[in-house]
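Throughout, protein chains are lettered first and strands after them, A, B, ... in sequence-line order, and every chain is numbered starting at 1.
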There are 2 protein chains.
Amino acid sequence: MLTIGTLAKKTGTKVQTIRYYEQIGLMPEPGRTEGGQRRYGDAELDRLSFVRHARQLGFSLDAIRELLDLSDHPGKSCAEADAIARRQLKQVERRLARLEALRTELKRMVHECSGGQTSDCRVLEVLRDHSECLTDHEEIGA
Amino acid sequence: MLTIGTLAKKTGTKVQTIRYYEQIGLMPEPGRTEGGQRRYGDAELDRLSFVRHARQLGFSLDAIRELLDLSDHPGKSCAEADAIARRQLKQVERRLARLEALRTELKRMVHECSGGQTSDCRVLEVLRDHSECLTDHEEIGA
DNA sequence: CTTGAACCTACAGTAGCTAGAGGATGTAGA
DNA sequence: TCTACATCCTCTAGCTACTGTAGGTTCAAG
């Protein structure tokens with residue numbers, strides 16, 4: 001039986017985050033001691049590991065909920081899980097493309113900075129100059 | 001004199017966002033009509049374009065505040081603006097590296113999915129398998 | 001039996017917006 | 001001039017995915 005702190009350490013999660021996952025129904029309500037403290041078993045450890053791993057891969061909590069559901073029903077078709085992963089891959093690739101464009105523009109800004117006064121600063125100039133703006137109004141690849 | 005809606009269209013910003021920027025002091029309080037509606041001039045258009053462009057490049061609102069301050073003082077040294085841009089570039093490069101790793105792992109997951117039942121699903125298996133976990137507990141490249 | 005680390009709940013705050021309610025204003029056409 | 005209606009106003013709450021704090025309780029070691 002693991003305390004919440006031990007579970008946190010084993011999975012690289014903060015204690016608060018585990019309680020948060022419980023609150024939003026991503027983790028089940030665990031057993032408690034007489035004094036009211038949470039105690040976890042291996043099933044919960046596995047589940048939380050799954051969640052954290054998926055988070056590291058950038059899956060949203062909603063996507064993870066779906067994946068957990070699929071994982072809980074071994075007879076279901078794999079196609080859904082695959083679709084979720086593909087969606088995630090696409091998103092990652094879109095972000096990559098976006099970030100690569102940003103890197104190019106930032107590099108240009110930085111390398112052309114003369115080091116003089118801000119009135120001649122290439123960084124500020126680029127930001128001011130509307131015509132060099134990225135044409136679309138897409139969100140950044142946060 | 002531009003209404004807030006026109007300013008929004010010209011800069012690809014939502015009306016609410018402009019009011020939000022005013023609220024947090026990123027945009028100045030504009031003049032008003034007798035009836036209390038905001039009216040903007042070219043200075044505000046330029047400032048908002050600057051902000052949006054910087055946002056598209058991934059600068060935080062705090063960084064943008066600094067950049068605007070530098071931009072407002074043409075005599076200051078360019079070094080600070082350069083430093084901010086370099087910091088941003090570094091962050092973008094860190095995110096890129098992270099996302100590339102994610103892409104690799106996601107691709108592997110997706111391509112190895114057999115299309116059968118979830119019990120054999122490679123996607124779920126990878127997520128379940130702790131040993132294949134990314135070793136660090138870093139945040140995702142959100 | 002005491003100490004102190006770890007636990008508990010509840011609530012507030014983070015970034016950067018976005019959405020909605022409920023009402024006022026401004027402008028174009030009849 | 002009147003009317004319709006798009007746009008504006010303020011205010012509040014919500015979003016994601018946590019994180020932090022306050023004030024109090026429990027557990028396990030010594």
Side-chain angles (χ1 to χ4, degrees), chain A residues 1-27 29-40 44 48 50-68 88 91 95 98 137-142, chain B residues 1-27 29-40 44 48 50-68 88 91 95 98 137-142:
Chain A
M1 284 302 171
L2 308 167
T3 65
I4 197 170
T6 312
L7 185 64
K9 247 171 233 156
K10 276 182 189 265
T11 55
T13 315
K14 303 225 163 166
V15 166
Q16 262 95 331
T17 304
I18 298 174
R19 289 199 279 248
Y20 169 71
Y21 286 165
E22 181 184 328
Q23 195 187 302
I24 62 170
L26 208 61
M27 288 294 289
E29 289 184 25
R32 301 262 186 163
T33 63
E34 283 195 18
Q37 297 195 356
R38 291 167 178 83
R39 287 300 123 96
Y40 297 93
E44 282 100 336
L48 185 55
F50 184 104
V51 170
R52 294 310 290 177
H53 194 177
R55 282 298 295 141
Q56 282 171 352
L57 287 170
F59 289 94
S60 70
L61 293 182
D62 269 357
I64 293 171
R65 227 185 281 271
E66 290 183 69
L67 289 169
L68 279 168
Q88 184 59 23
Q91 216 178 81
R95 282 181 186 169
R98 184 78 182 156
H137 288 134
E138 222 179 289
E139 62 181 297
I140 57 162
Chain B
M1 283 302 172
L2 308 167
T3 64
I4 196 169
T6 313
L7 185 64
K9 247 170 234 157
K10 276 182 189 265
T11 56
T13 316
K14 302 225 165 165
V15 166
Q16 263 96 328
T17 304
I18 298 174
R19 289 199 278 249
Y20 169 71
Y21 286 164
E22 181 185 328
Q23 195 186 303
I24 63 170
L26 208 62
M27 288 294 289
E29 289 185 26
R32 302 261 186 162
T33 62
E34 283 193 18
Q37 298 195 355
R38 292 168 179 82
R39 287 300 122 96
Y40 297 93
E44 282 100 334
L48 185 55
F50 185 105
V51 170
R52 293 311 289 177
H53 194 177
R55 283 297 295 141
Q56 283 171 352
L57 287 169
F59 289 93
S60 70
L61 293 180
D62 269 357
I64 293 171
R65 230 186 278 271
E66 289 182 70
L67 289 168
L68 279 168
Q88 183 59 23
Q91 219 178 80
R95 282 181 186 167
R98 183 80 183 155
H137 289 133
E138 221 178 291
E139 61 179 300
I140 58 161

- [ ] Check the distance between D:dA28's P and A:Glu34's CD and give it to me in whole angstrom.
- [x] 12 Å
Open item on the list: Both A:Tyr40 and A:Gln23 contact DNA chain C. Which one's nearest nucleotide lies toward the 5' end?
Closed with: A:Tyr40
- [ ] Would you give the length of the straight line joining atom CD of B:Gln16 to atom CD of B:Gln23, rounded to the nearest 0.5 angstrom?
- [x] 11.5 Å
Task: chain A footprint on DNA chain C, 5' to 3' - any atom under 4.0 Å from a heavy atom - done: C:dC7 to C:dT9
- [ ] Rounded to the nearest angstrom, tell me the gap between atom CD in A:Gln16 and atom P in D:dT21.
- [x] 10 Å
TODO: Find the distance A:Arg32:CZ to D:dC27:C1' and express it as a whole number of Å.
DONE: 15 Å
Open item on the list: Less than 4.5 Å apart, side chain to side chain, heavy atoms only: is that true for B:Ile64 and B:Tyr21?
Closed with: no
TODO: Calculate, to the nearest 0.5 Å, the distance between atoms CG and CG belonging to A:Leu26 and A:Leu61 respectively.
DONE: 6.0 Å
- [ ] Indicate whether OP1 or OP2 belonging to D:dA17 is found under 4.0 Å from a side-chain N or O atom of A:Lys14.
- [x] no
TODO: Measure across A:Ile24 and A:Arg65 and return the closest heavy-atom pair with its distance rounded to 0.1 Å.
DONE: O-NH1, 2.9 Å
Task: Non-hydrogen atoms of A:Thr11 and A:Arg52 that approach each other most closely - done: O-CG, 3.9 Å
- [ ] Check the distance between D:dC11's C1' and B:Glu22's CD and give it to me in whole angstrom.
- [x] 14 Å
Task: Any side-chain heavy-atom pair of B:Thr3 and B:Gln37 under 4.5 Å - done: no
Task: Interatomic distance where OH belongs to B:Tyr20 and C1' belongs to D:dT10 [whole Å] - done: 17 Å
- [ ] Measure from the side-chain N and O atoms of B:Gln88 to the backbone N and O of B:Gly58, and report whether any donor-acceptor pair falls under 3.5 Å.
- [x] yes
- [ ] Starting from C1' on D:dT19, measure out to CD1 on A:Ile18 and report it in whole angstrom.
- [x] 14 Å
Task: side-chain contact (heavy atoms from CB on, under 4.5 Å) partners of A:Tyr40, counting only residues at least two apart - done: A:Leu2, A:Ile4, A:Leu7, A:Ile18, A:Glu22, A:Pro30, A:Arg38, A:Glu44
TODO: Can you measure from CG (B:Leu48) to CZ (B:Arg55) and round to the nearest 0.5 angstrom?
DONE: 12.5 Å
Do any N or O atoms of the protein come closer than 3.5 Å to N or O atoms of nucleotides 4-8 of chain D, and which pairs are they?
unit_1	atom_1	unit_2	atom_2	d
D:dC8	OP1	B:Thr3	OG1	3.1
D:dC8	OP1	B:Gly5	N	2.6

- [ ] Can you tell me the distance, in whole Å, between the CD1 atom of A:Ile64 and the C1' atom of D:dT16?
- [x] 12 Å
TODO: Ignoring backbone atoms, test whether A:Thr33 places a side-chain nitrogen or oxygen under 4.0 Å from the OP1 or OP2 oxygen of D:dT26.
DONE: no
